[in-house]
Amino acid sequence: MNFEYAAAPESRSVVKIDPVYGHFINGKWVNGSAHFNTINPATEEVLSSISLGSAADVDAAVKAARNAFDKSWSKLSGRERGKYLFRIARIMQERAREFAVLETLDNGKPIRESRDVDVPLSAAHFFYHAGWADKLEFAGVDTTTAPHGVVGQIIPWNFPLLMLAWKVAPALATGNTVVLKPAETTSLTALLFAQVCQQAGLPDGVVNIVTGDGSTGSAIVNHPGIDKIAFTGSTEVGKLIARAVAPTNKSLTLELGGKGANIVFGDAAIDETVEGIVNGIFFNQGHVCCAGSRLILQESVADEVLEKLKRRMDKIRVGDPLDKNTDLGAINSAEQLAKIRELTAAGEAEGAGRWSANCALPTNGFWFAPTIFTGVTQAHRIAREEIFGPVLSVLTFRTPAEAIEKANNTPFGLSAGIWSEKGSNILWATQQLRAGVIWANTFNKFDPASPFGGYKESGWGREGGRHGLSAYLKGSAK
Ligand code: NDP
């Protein structure tokens, strides 16, 4: 049975959204010459007008970052840098509710997730890296080498604040200055972060935020004054960036797409596994690069798992992202919704069986019901391509070797999950899987101390942990 819940909306009065935003360059707000709207994907309401960064804006930001690197940031001791990072982390905690509501309004994710995952983890990344800033010689990285200098950082729309934290915190801890571009559809929390930098008294030019679209990102990638590029986003754009950077001296880290396999062995604890499957694919509307988007079930338990999974999916609450009861929010943009629709239509056309949860979808905004496809074969597009939505492709296997064969049969290699009661099974499978992150009897768990990254077309380098620090120092890693 489904309980009726009274709506429990979070108040949006805690956030103040300006009608127009400029770029944050050299510690000041600089209005752009062109603008675009950012909307709430749950209602299509226009939230604000955002500056579209030109090559001249990027140039000004790179010059500011270079000046700050030469004159102030590179001269500070690790201890002093750490103080600023601690201050930023504490202010993020103090303003956590504001960040959470703003993220939910601009991105469409449920307030429960922005409040309990995105914002606390973002602050945790700053705390973690603040701690390393004066202890780099103990981090196992080559501290005889220097920071790169000016780092260009380009991030996607699925975890706007968290991806900013993943990028900015290690760069600053190791002594770099940054020019960051948030995604076109989700600039607002990056702009609030700029206010936090001002509040923390961070020296001008250490963090510069230039908003815009792909052309702004491209201007950052191709700017000769940039020493390193750190990118998170699609494999397609990652390849373009790798080509652009190849003939230069720039360093590069890429965190790209995935098609994570979530493998369920016959001896798994089924009820816990079903919760893990739901968390693996429906967390953040499935807009997760490491989502468990391919469920690989042992035949002996496939019927039972699918029956329980469908029953559980019918209880997922889809709707107003600001309602604290909501499990699944809005799809981030009309473009992303169109992409999900195109791939799910291909799944049906290619012969997979489609089943969607029985839920009413709001009429305004961008929505997609939690969906699974059964009878999926490895040749189907929905088994090979990243859907980046609340859609799960289900395959089955008889022997463990077949499970591994199917799990690894992808151009990606970002994440995987294993569900089994036997430690030996888990250890064996982890050694066979070609994935950067492997969870056992859980899924989508993140920690700043744990390195994250992929094999094959899922990217180059690691973010987070000690491995992530070395990517921001010359000579070590990429
Ligand atoms: P993109 O890779 O296009 O965007 C990621 C970032 O790169 C954004 O800030 C984007 O700007 C910027 N960008 C776009 N083109 C260029 C370029 N030529 N040079 C430099 N920067 C550029 O991802 P999308 O947002 O378009 O999503 C498309 C697909 O990518 C999704 O459906 C999903 O499959 C995958 N994806 C994977 C993510 C991951 O974490 N691995 C995250 C997001 C998406 P802007 O958005 O403003 O145009």
Side-chain angles (χ1 to χ4, degrees), residues 32 34-38 41 50-53 55 58 106-107 109 152-160 162-164 166-167 179-188 190 209-223 226 229-245 250 252-260 283-291 293 331-344 366 368 381-382 384-391 410-415 436-437 444 446 452-454 456-461 463:
H35 294 82
F36 59 92
N37 285 341
T38 190
I50 306 289
S51 290
L52 177 66
V58 168
D106 203 22
N107 170 281
K109 64 175 72 199
Q153 305 185 317
I154 300 164
I155 56 172
W157 43 263
N158 52 345
F159 292 95
L162 186 58
M163 289 302 103
L164 174 150
W166 279 29
K167 297 266 181 293
V179 176
L180 176 129
K181 189 196 89 67
E184 191 179 343
T185 57
T186 54
S187 305
L188 292 181
I209 294 177
V210 182
T211 49
D213 62 10
S215 65
T216 316
S218 180
I220 293 176
V221 169
N222 291 303
H223 195 291
I226 296 267
I229 295 289
F231 171 79
T232 298
S234 61
T235 296
E236 191 191 346
V237 173
K239 285 180 181 174
L240 285 178
I241 293 177
R243 272 190 217 114
V245 164
K250 289 171 193 161
L252 177 63
T253 40
L254 297 171
E255 204 273 274
L256 309 176
K259 193 75 190 172
F283 169 60
N284 202 37
Q285 294 72 247
H287 299 329
V288 184
C289 49
C290 56
S293 53
I331 300 303
N332 179 252
S333 64
E335 292 73 33
Q336 189 58 27
L337 182 58
K339 184 181 166 192
I340 296 168
R341 286 187 174 147
E342 186 215 321
L343 276 165
T344 47
F366 315 124
F368 200 87
R381 281 182 71 193
I382 54 169
R384 291 184 286 116
E385 295 178 33
E386 195 176 30
I387 302 175
F388 227 64
V391 181
T410 163
F412 299 110
L414 193 54
S415 69
V437 185
N444 274 339
F446 306 97
F452 184 94
K456 301 191 276 185
E457 291 194 9
S458 287
W460 294 345
E463 292 191 300

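Throughout, numbering of the chain's residues begins at 1 and tracks the sequence. Counting convention: from 1, in listed order, for ligands and their atoms alike.
- At least one protein heavy atom sits closer than 4.0 Å to atom 30 (O) of ligand 1.
- Listed by number with element, the atoms of ligand 1 under 4.0 angstrom from any heavy atom of G257 are 41 (N).
- Among M163, E184, H287, the one residue that satisfies the side-chain contact (heavy atoms from CB on, under 4.5 Å) test with W157 is H287.
- The protein heavy-atom contact nearest to atom 40 (O) of ligand 1 is C289 CB, 3.2 Å.
- Looking only at protein heavy atoms, the nearest one to atom 11 (O) of ligand 1 is K181 NZ, 3.0 Å.
- Near G217, meaning under 4.0 Å from any of its heavy atoms, are these atoms of ligand 1: 19 (N), 20 (C), 21 (N).
- For the side chain to side chain donor-acceptor pair (under 3.5 Å) criterion with K167, the lone passing option out of E255, Q153, E463 is E463.
- In terms of protein heavy-atom proximity, atom 46 (O) of ligand 1 is closest to E184 N, 3.6 Å.
- Between the side chain of N107 and the main chain of T186, no donor-acceptor pair closer than 3.5 Å is present.
- In summary, the atoms of ligand 1 found under 4.0 Å from a heavy atom of T232, numbered by their order in the structure, are 5 (C), 40 (O).
- The backbone N or O of I229 lies less than 3.5 Å from no partner atom in the side chain of K250, so there is not a single donor-acceptor pair.
- No part of T185 comes within 4.0 Å of ligand 1, judged by heavy-atom distances.
- When each atom of ligand 1 is checked for a heavy atom of L256 under 4.0 Å away, the hits are 39 (C), 41 (N).
- At least one heavy atom of G212 lies less than 4.0 angstrom from ligand 1.
- In terms of heavy atoms, T185 sits closest to D106 at O-OD1, 3.4 Å.
- The shortest N or O to N or O distance between I387 and ligand 1 is not below 3.5 Å.
- Taking all atoms of both residues into account, the shortest heavy-atom contact from L180 to P182 is O-CD, 3.8 Å.
- Summarising the geometry of A55 relative to A219, their closest heavy-atom pair is CA-CB, 4.2 Å, with the distance given to 0.1 Å.
- In terms of protein heavy-atom proximity, atom 1 (P) of ligand 1 is closest to S234 OG, 3.5 Å.
- If you number the atoms of ligand 1 from 1 as listed, the ones under 4.0 Å from a heavy atom of S218 come out as 19 (N), 20 (C).
- The protein heavy atom nearest to atom 3 (O) of ligand 1 is V237 CG2, 3.5 Å.
- Protein heavy atom nearest atom 43 (C) of ligand 1, with residue, atom name and distance: P156 CB, 3.4 Å.
- Scanning the protein for heavy atoms near atom 14 (C) of ligand 1, the closest one is G214 CA, 3.6 Å.
- Nearest heavy-atom pair, I340 versus F388, reported as atom, atom and distance to 0.1 Å: CD1-O, 3.8 Å.
- Here is the list of ligand 1 atoms found below 4.0 Å of a heavy atom in I155: 6 (C), 8 (C), 9 (O).
- When non-hydrogen atoms are compared, ligand 1 lies under 4.0 Å from neither the backbone nor the side chain of H287.
- Protein heavy atoms are found inside the 4.0 Å sphere centred on atom 27 (O) of ligand 1.
- Proximity of a side-chain donor or acceptor of E386 to a complementary backbone N or O of G257 within less than 3.5 Å is not detected.
- Between the side chains of K456 and T410, no donor N or O sits under 3.5 Å from an acceptor N or O.
- Considering both main-chain and side-chain atoms, I241 never comes within under 3.5 Å of ligand 1 through any nitrogen or oxygen pair.
- The minimum heavy-atom distance between V210 and K181, with the atom names listed, is O-CG, 3.2 Å.
- In terms of modelled atom types and a separation under 3.5 Å, the side chain of T253 and the main chain of A230 share no donor-acceptor contact.
- For W166 and F452, the ring centers are positioned less than 6.0 Å apart.
- Ligand 1 has no nitrogen or oxygen under 3.5 angstrom from a nitrogen or oxygen of I154.
- Residue F159 places every heavy atom at 4.0 Å or more from ligand 1.
- A pairwise comparison of heavy atoms in V288 and F283 identifies CG2-O, 3.5 Å as the closest pair.
- Atom 38 (C) of ligand 1 has F388 CZ, 3.5 Å as its closest protein atom, hydrogens excluded (heavy atom only).
- Atoms of ligand 1 lying under 4.0 Å from any heavy atom of K339, numbered from 1 in the order shown and given with element: 29 (C), 31 (C), 32 (O), 33 (C), 34 (O).
- A salt bridge between E457 and K259 is absent, with no side-chain N of the basic residue lying under 4.0 Å from a carboxylate O of the acidic one.
- Interface of W157 with ligand 1, defined as ligand atoms under 4.0 Å from a residue heavy atom, comprises 24 (P), 25 (O), 27 (O).
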